[in-house]
*Asks:* 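Dropping the structure in here first, questions after.
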Amino acid sequence: MITDSYTELYGVFGDPVSHSLSPVMHSRAFAHIGYNAAYLAFRIKDIAAAVSAIKTLGMKGVSVTIPHKVSIMPHLDALDGMARRIGAVNTVINRDGVLTGYNSDWIGAVKALSEKTDIRGKSAVIIGAGGAARAIGFGMVAENAKVTIVNRSADKGGRLAKDLGVEFCPLSDIKNLGCQILINTTPIGMTPNTESTPVPKAYLKKEMLVMDIVYNPLKTRLLKDAEQSGCTVADGLSMFVYQGAFQFELWTGKNAPIEVMRDAATEFFR
Ligand code: NAP
């Protein structure tokens with residue numbers, strides 16, 4: 001890539017951030033449409049100073065990842081309605097010095113699921129009650145799915161269920177709960193614990209759509225079990241690519257080259 005004095009600057013703010021797939025995915029997408037822009041990873045300790053730097057340096061947009069998705073919010077000038085409801089921001093756009101925060105995690109999950117089925121009216125179990133579950137929960141409720149939150153700890157799970165206006169079920173009781181869509185948002189099954197799974201294989205029925213948002217490994221034990229049980233599956237990379245596609249379209253106003261982004265993320269991952 002050749003930069004010049006017209007190159008626009010984008011990046012991801014996180015800590016740690018060296019594992020992020022976003023730089024390779026967005027850089028490839030920018031190059032694909034011939035956009036003179038660079039996208040870099042920034043390891044950030046002081047989020048207030050980093051937000052100020054967006055304006056000082058004239059950065060056009062940033063992705064935000066752990067641990068700054070919540071703490072960045074008070075430093076922004078405006079918030080999108082869903083980001084405000086979810087209580088987390090993973091995307092910032094700089095419009096003439098006005099910084100607006102969005103959340104594209106819910107959009108990524110809803111798009112990845114919508115590729116496989118019509119979500120409306122479907123019963124959906126979301127396992128987990130952390131940041132990702134919160135974003136996906138608000139997204140699924142907005143899409144009129146019938147959501148149940150399932151979590152290990154009852155206090156956190158119950159709180160999220162209450163915020164969403166849906167039912168809560170302890171993870172230990174999941175066997176009594178049928179569903180059409182099952183979404184794992186916990187890190188269970190992530191490298192190095194690749195033999196772990198949040199639900200026993202017997203729970204999985206062939207009519208189910210099963211999504212695991214863990215993408216390291218790409219095919220988790222849950223997804224392997226689901227495939228063997230005849231379920232439709234969606235992997236965590238699809239959600240990741242679609243949340244990135246929303247960012248790309250917000251920043252550039254152009255259609256995201258989804259396949260280019262997916263290939264770039266997959267190659268980097270391998
Ligand atoms: P988080 O806020 O820390 O929440 C983690 C949730 O998982 C909590 O509800 C926790 O339950 C539960 N959990 C953790 N370990 C568990 C275990 N051993 N058994 C049962 N439950 C367990 O994390 P997050 O930000 O939501 O992220 C969760 C995962 O999603 C991470 O692996 C992250 O990389 C991935 N992610 C993927 C994408 C994507 O685009 N594909 C986007 C965002 C996040 P308790 O409440 O009981 O502690």
Side-chain angles (χ1 to χ4, degrees), residues 12 14-22 25-26 63-72 83 86-91 102-113 115 125-140 147-164 168-174 182-200 203 210-223 233-248 258 261-262 265-266 268-269:
V12 52
D15 184 19
V17 78
S18 55
H19 66 287
S20 175
L21 300 178
S22 293
M25 183 174 76
H26 282 299
S63 311
V64 185
T65 188
I66 289 169
H68 301 306
K69 288 185 182 185
V70 177
S71 55
I72 194 171
I86 292 166
V89 159
N90 76 334
T91 307
Y102 292 79
N103 188 305
S104 69
D105 281 334
W106 74 272
I107 297 171
V110 162
K111 282 225 166 176
L113 290 168
E115 248 184 2
V125 160
I126 299 177
I127 307 177
R134 211 176 154 78
I136 295 172
F138 274 97
M140 294 297 281
V147 173
T148 303
I149 296 295
V150 172
N151 196 46
R152 176 178 60 181
S153 68
D155 53 340
K156 204 161 157 195
R159 229 177 302 134
L160 176 57
K162 187 161 174 265
D163 287 352
L164 293 173
F168 167 72
C169 169
L171 184 55
S172 47
D173 290 352
I174 193 171
L182 177 72
I183 307 167
N184 175 45
T185 74
T186 75
I188 301 172
M190 199 162 97
T191 303
N193 302 313
T194 52
E195 280 312 303
S196 307
T197 180
V199 293
Y203 179 76
V210 178
M211 181 162 87
D212 199 335
I213 75 163
V214 168
Y215 54 74
N216 178 16
L218 254 189
K219 199 168 277 182
T220 57
R221 164 93 187 275
L222 172 65
L223 292 189
V233 298
D235 64 38
L237 200 65
S238 307
M239 170 176 165
F240 180 77
V241 169
Y242 280 119
Q243 66 77 32
F246 170 83
Q247 298 180 325
F248 180 95
I258 298 283
M261 296 172 81
R262 194 190 304 270
T266 310
F268 179 79
F269 191 75

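In listed order, ligands and their atoms are each counted from 1. As the structure is a prediction and not an experimental result, all values here were calculated from the model.
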*Asks:* Would you tell me which option among I136, I188, I149, T186 has the nearest heavy-atom contact to atom 20 (C) of ligand 1?
*Replies:*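 Selected option, by shortest heavy-atom distance: I188.
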
*Asks:* Might you point out which heavy atoms bring I136 and A109 nearest each other, and give the distance in Å?
*Replies:* CG1-CB, 3.6 Å

*Asks:* Among all protein heavy atoms, pick out the one at the shortest distance from atom 23 (O) of ligand 1; state its residue, atom name and that distance to 0.1 Å.
*Replies:*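 Ranking protein heavy atoms by distance from atom 23 (O) of ligand 1, first comes G131 N, 4.5 Å.
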
*Asks:* Between Y102 and Q247, is any side-chain donor less than 3.5 angstrom from a side-chain acceptor?
*Replies:* no

*Asks:* What's the shortest heavy-atom distance between H19 and F268, and which atoms?
*Replies:* O-CE2, 4.1 Å

*Asks:* If the cut-off is 4.0 Å to any non-hydrogen atom of Y215, which atoms of ligand 1 fall inside it?
*Replies:* 39 (C), 41 (N)

*Asks:* Considering heavy atoms of the protein only, find what lies nearest to atom 26 (O) of ligand 1 and give residue, atom and distance to 0.1 Å.
*Replies:*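 Result: A132 N, 2.8 Å.
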
*Asks:* Grab the two heavy atoms, one from V17 and one from V12, that are nearest each other, plus how far apart they are.
*Replies:* CG2-CG1, 3.9 Å

*Asks:* Protein non-hydrogen atoms only, distance under 4.0 Å: does atom 3 (O) of ligand 1 have such a neighbour?
*Replies:* no

*Asks:* Check each atom of ligand 1 against the heavy atoms of S153 and keep those under 4.0 Å away; list them by number with element.
*Replies:* 45 (P), 46 (O), 47 (O)

*Asks:* Quick test of your reading of the structure: of R134, R152, H19, whose heavy atom lies closest to atom 22 (C) of ligand 1?
*Replies:*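 The option holding the nearest heavy atom is R152.
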
*Asks:* Checking contacts now, so for atom 34 (O) of ligand 1, which I'm interested in, is there any protein heavy atom under 4.0 Å?
*Replies:*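 Within 4.0 Å: no protein heavy atom nearby.
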
*Asks:* Can you pull out the closest protein heavy atom to atom 36 (N) of ligand 1? Residue, atom name and distance to 0.1 Å, please.
*Replies:*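 The protein heavy atom lying closest is I213 CD1, 3.5 Å.
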
*Asks:* Among all protein heavy atoms in this structure, tell me which lies nearest to atom 6 (C) of ligand 1, with the distance rounded to 0.1 Å.
*Replies:*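 Here the nearest protein heavy atom works out to G130 N, 4.1 Å.
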
*Asks:* For atom 31 (C) of ligand 1, is the nearest protein heavy atom closer than 4.0 Å?
*Replies:*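 Within 4.0 Å: no protein heavy atom nearby.
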
*Asks:* Please write down residue, atom name and distance for the protein heavy atom closest to atom 9 (O) of ligand 1.
*Replies:*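 Minimum-distance protein heavy atom for atom 9 (O) of ligand 1 reads A129 N, 2.8 Å.
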
*Asks:* Any protein heavy atom under 4.0 Å from atom 48 (O) of ligand 1?
*Replies:* yes

*Asks:* Mark up the atoms of ligand 1 that fall under 4.0 Å of a heavy atom belonging to M190, in ascending order.
*Replies:* 32 (O)

*Asks:* Report the relative orientation of the aromatic rings in F240 and Y215; use parallel for angles under 30°, tilted for 30 to 60°, perpendicular for over 60°.
*Replies:* tilted

*Asks:* Which residue and atom name correspond to the protein heavy atom nearest atom 42 (C) of ligand 1, and how close is it?
*Replies:* M239 CE, 3.6 Å

*Asks:* Any atoms of ligand 1 less than 4.0 Å from a non-hydrogen atom of T185? List them with their elements.
*Replies:*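 The list of qualifying atoms is 28 (C), 29 (C), 30 (O).
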
*Asks:* Is K69 salt-bridged to D105, going by a charged N under 4.0 Å from an acidic O?
*Replies:*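 Yes, K69 and D105 are salt-bridged.
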
*Asks:* Just need the protein heavy atom nearest to atom 11 (O) of ligand 1, so name the residue and atom and give the distance.
*Replies:*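 Here the nearest protein heavy atom works out to N151 OD1, 3.3 Å.
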
*Asks:* Identify the closest protein heavy atom to atom 14 (C) of ligand 1: which residue and atom is it, and at what distance?
*Replies:*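 In this structure, atom 14 (C) of ligand 1 has P187 CD, 3.3 Å as its nearest protein heavy atom.
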
*Asks:* Measure the distances from the heavy atoms of G108 to every atom of ligand 1 and state whether one is below 4.0 angstrom.
*Replies:* no

*Asks:* With atoms numbered from 1 as shown, which atoms in ligand 1 lie under 4.0 angstrom from a non-hydrogen atom of G128?
*Replies:*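 Near G128, meaning under 4.0 Å from one of its heavy atoms, ligand 1 has 9 (O).
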
